[in-house]
Amino acid sequence: MRTETEHTIYLKDYTPSPYRIVSVALDFRILAEQTRVQAQLTVEPRETTAPGTPLVLDGDELNLTSIAIDGLPLVLSAYAADANGLTIIEPPLRRFVLETEVMLQPEGNTKLMGLYRSSGTWCTQCEPEGFRRITYYLDRPDNLAVFKVRMTAPLDLAPVLLANGNLVDKGDAGDGMHYAVWEDPFPKPAYLFALVAGDLGSITDSFTTASGRKVELGIYCTHGKEEQCLWAMDSLKRSMAWDERRFGREYDLDIFNIVAVSDFNFGAMENKGLNIFNDKLVFAKPDTATDGDYDGIERVIAHEYFHNWTGNRITCRDWFQLCLKEGLTVYRDQEFTSDERSRAVKRISDVAMLRRAQFPEDGGPLAHPPRPDQYREINNFYTTTVYEKGAEIVRMLATLLGEAGFRKGMDLYFERHDGEATTIEAFLAAFADANGVNLDQFKTWYLQAGTPRLSVDESYDAAAQTYTLKLKQETPPTPGQPSKEALVVPIKFGLLGPNGSPMGWSGVSGAEVRDDMIVLDGPSAEVTFTGIANRPVPSLLRGFSAPVILESRASQADQLFLARHDSDPFNRWQALQDVGMDLAVAAVGGTAWSQESITALSQAMADTLASTELDDAFKALALALPDESLIGRTIGKDIDPSAIHAVRDQLLKAVFEPLAMELLAAYRALTSAAPYAPDPASTGRRALRNRLLSLLVASEAAGASGLAAQQYAQASNMTDRLAALAASASAGTAEAPAMLADFRTRFGADPLVLDKWLTVTAAAPRDGVIEDMKGILDDPGFPKTNPNRLRALVGTFAMSNPTQFARADGAGFRFVADFVAEVDKINPQVAARVLTGFRIWPMLESGRRDAAKAALTGLQNSGTLSRNTGDILSRMLAG
Ligand code: B3K
Ligand code: ZN
């Protein structure tokens, strides 16, 4: 395999730069064909910098057209410049101003990093290393500088000119051109730089901070979409208020702008005062956006806003520390959603997501610690391990320290490090110092990859009235980390008495036990409770208090007891999942289920549905069986996705078909004529109703497929319409093809809704889906440069259609590998991300494993790959 320049960066090699850039003045002259960028960088050597130390600036696909220091042009021998960097051989050993000029072609920038054009709008993406595609710079997060930006552009093409900070000047520049000058008073790393120039509509609002400062808020978008930005604006204002209430953090500039663009490599970007968003995370109206979309918008608007303190005011010293800002900010956005909506439902959804996305990463060839210690391509480390496992680590910190202790730590972190670029060590030190505790062992969570397995054995001694839990933790080896250390695992728990009420104890020994939490900090522990009059049923790892795989040998009877009685809603949900999982795993292994165990699970599902104490959103999550990939991973090796698919289908039928009458009655009772609103109660009602529909369809209950077709046709909002379509397509009902065709015609003109059609198409487990996808991709009108379209189709296929992606004949693997080779030439980030879908390959049965390996090897031999794709591919094959 040939890849672009191969080089590995190590955390241990971190050194501060010998020079600092303290202020930046940028002048952009934007024209239809090209953009000229003039930069004035005020540079200072450090006190320790030796005379003659060169200044080495980063560049990427740049071409230098002029260069001067303190106004004097440099002679050729004084510097070395190429597309990938600029070296000033012997800079002055004092403060000086370096002036450079480069010419950019944003129009042809399909990588969507640096300055590019999306539907005519000029916009930027700089994190992590995109600023070097705009000008030569110290493109590393520990260089903080103040930025002043002047933009000149044609008035007709770009009446709106935005950058970070505050607008300080604007006016006419002659010849149909106009200009604007923006200044950001907060020193920032270059990855937070942003500008936007385009012909955009907007909505405006304002927010008054707790200390009484008025902030002007704006959301910019394609003309005509303004009213679709109202939910995003509402989410922004609630986020601003929440961060004041919960963390005492106020916004710090007079302006906060968001711009929605249609070509974007991921969700959104937290540039200081000028967030840029993938439009799918801004636009919402009831007939084109689902409850899931509304939820995603609220969450990501909050996430990017919260970065203003956790990421921007305090940033990362180097990219190894990425989870310092990402894990922490995900934790903050999770807490926001929990406070705004249902904490239990949020927790269950987040854990389901962690298991679906992060556990397979942590258990496969791409496993890495939340804080990695080496990388070849940093873009490949914006992973669910860094984000979601990173958030779990922060959550454990909060669990161990308690809410007040956690807040003290956060306050000290802000107080100590505001305005700095810092590290995980500094973050942990703030919590340790604020609470007088030692977090040295806790830090291992950041350094060690792999999902720990926590096994539990229990025994009850009736004579002695003691109850003992034997706990053991073990983390399996991961690439580059053959042996693992014991972690600090907070295990929230409760003991349930015979009638389901909490059971107390008179004494406890064997491990640190605080009220409702066992803190396991060694490889194993034996915890004995005394004064226990009856054998209790243990509820362990309540609220999923640590990101581990809990292996308990609980009987089905105990699990169903927990499903009925546990006061912890997470474990009530978990118990039902576990019962379904045990039955599915046994059946795949050839052990047929007993009618008794099926009846017991059906009855528990029926009771859950009928409960007056549980809410609709919770019921929607509880009335489900574990998904196919989770069943596969629980089996752990020699997986045959088709066999799992078949078993899960049978299990669904066995459990839910007997309940068809109840499901249908509940479905009917949940019908509402109220106009669409995205509030938690209405969202929960729709979620449950649509869950019932999908259970009826999947279990092939009489009349169910017609009911879905009817819901599809009569739906008054996208949530209900898409749910009916997805249920029909995934079950392959007779009505599904016509519904799909109708959806395509009805919404084909709206790209974000077209993505939903692409997703449903790509996720269908039926034969023929690969041919259909080829047809779609080969259509000359299909936009191969748009990440949303590509991810909706091929990303969905590789990540969420195990039966077809991992087909025994290898056609799914070959299709994705060919796609990656082609798209890698256009947009390496999209290609590399889709390729990660292969991470399941080592777990597959041997025939499929060989087919996957052949496809990966074929890709390896297909020609030059980008560093992004080459890095994923080599780790995939080595692991
Ligand atoms: N910080 C950005 C992600 C940048 C991804 C670069 N490949 C958005 C976020 O996490 O908030
Ligand atoms: Zn983030």
Side-chain angles (χ1 to χ4, degrees), residues 60 111-114 116 123-133 139-141 164 188-194 232 235-236 239 243 258-261 263-282 296-316 318-337 357-358 370 372 375-391 394 421 787 791 795 827-836 866-869 871-872:
D60 181 8
K111 292 183 179 170
L112 313 184
M113 290 298 284
Y116 66 94
C123 61
T124 55
Q125 171 55 37
C126 294
E127 184 179 359
E129 297 179 335
F131 191 71
R132 63 186 64 184
R133 295 169 61 77
D139 193 7
R140 42 187 291 165
N164 315 91
K188 65 169 176 285
Y191 82 84
L192 292 174
F193 166 82
S235 304
L236 173 62
S239 306
D243 213 9
I258 291 175
V259 181
V261 299
D263 301 270
F264 205 70
N265 275 343
F266 36 90
M269 178 63 213
E270 70 263 25
N271 317 299
K272 182 81 187 186
L274 178 57
N275 286 190
I276 298 182
F277 269 65
N278 187 322
D279 59 4
K280 84 180 180 121
L281 288 162
V282 176
I297 293 167
E298 180 182 87
R299 178 170 55 78
V300 180
I301 292 273
H303 178 97
E304 305 310 334
Y305 174 73
F306 298 152
H307 266 315
N308 191 53
W309 275 95
T310 49
N312 302 3
R313 290 286 288 252
I314 306 183
T315 192
C316 302
D318 52 71
W319 291 121
F320 297 102
Q321 319 295 331
L322 184 57
C323 124
L324 175 72
K325 74 178 177 80
E326 296 304 347
L328 177 57
T329 305
V330 171
Y331 171 77
R332 276 155 49 71
D333 83 54
Q334 290 174 346
E335 283 300 290
F336 167 73
T337 307
Q358 199 274 328
Y375 61 76
R376 265 169 288 174
E377 171 53 63
I378 187 57
N379 273 297
N380 290 340
F381 285 82
Y382 286 75
T383 59
T384 171
T385 296
V386 167
Y387 278 64
E388 276 76 26
K389 187 171 181 177
V394 176
R791 280 191 294 250
N827 187 329
Q829 284 192 52
V830 170
R833 188 53 69 117
V834 170
L835 184 59
T836 63
S866 67
R867 193 162 72 214
N868 306 57
T869 299
D871 170 47
I872 297 285

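In listed order, ligands and their atoms are each counted from 1.
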Short side-chain donor-acceptor distance under 3.5 Å, Asn827 and Asn265 | yes
Judged by modelled atom types alone, do Tyr331 and Thr310 share a side-chain donor-acceptor pair under 3.5 Å?
-> no
His307 to ligand 1: N or O pair under 3.5 Å?
-> yes
Got an N/O contact under 3.5 Å between Glu127 and ligand 1?
->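 Min N/O separation from ligand 1 is below 3.5 Å for Glu127.
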Below 4.0 angstrom from a heavy atom of [X], which ligand 1 atoms are there? Numbered from 1 as shown, please.
X      : value
Gln829 : 7 (N)
Met269 : 1 (N), 2 (C)
Glu270 : 1 (N), 2 (C), 8 (C), 9 (C), 11 (O)
Lys325 : 1 (N)

Give me the one residue out of Arg332, Gln334, Glu270, Glu326 that meets side chain to side chain donor-acceptor pair (under 3.5 Å) with His303.
->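 Per the side chain to side chain donor-acceptor pair (under 3.5 Å) rule, the option paired with His303 is Glu326, out of Arg332, Gln334, Glu270, Glu326.
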How far apart are the closest heavy atoms of Pro370 and Cys323, and which atoms are they?
-> O-CB, 3.7 Å
Would you mind checking which non-hydrogen protein atom is closest to [atom], with the distance to 0.1 Å?
atom                    : result
atom 7 (N) of ligand 1  : Asn379 OD1, 2.9 Å
atom 8 (C) of ligand 1  : Ala268 O, 2.9 Å
atom 11 (O) of ligand 1 : Glu304 OE1, 2.7 Å
atom 10 (O) of ligand 1 : Tyr387 OH, 2.5 Å

Atom name of the N, O or S atom in His303 that lies nearest to the Zn ion (ligand 2) =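 For His303, the N/O/S atom sitting closest to the Zn ion (ligand 2) is NE2.
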Determine the interplanar angle of the Phe336 and Phe306 rings, folded into 0 to 90°, and report it as parallel if under 30°, tilted if 30 to 60°, perpendicular if over 60°.
->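 If you compare the ring of Phe336 with that of Phe306, the planes turn out perpendicular.
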Rounded distance [0.5 Å steps], CG in Asp263 versus CG in Asp279 =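 These two atoms lie 8.5 Å from each other.
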Taking both backbone and side chain into account, is any N, O or S atom of Glu326 nearer than 2.8 Å to the Zn ion (ligand 2)?
-> yes
Tyr191/Phe193 aromatic ring centres below 6.0 Å |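 Judged by ring-centre distance (under 6.0 Å), Tyr191 and Phe193 do not meet the cut-off.
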Is the shortest distance from a Lys or Arg side-chain nitrogen in Asp333 or Arg299 to a carboxylate oxygen in the other one below 4.0 Å?
-> no
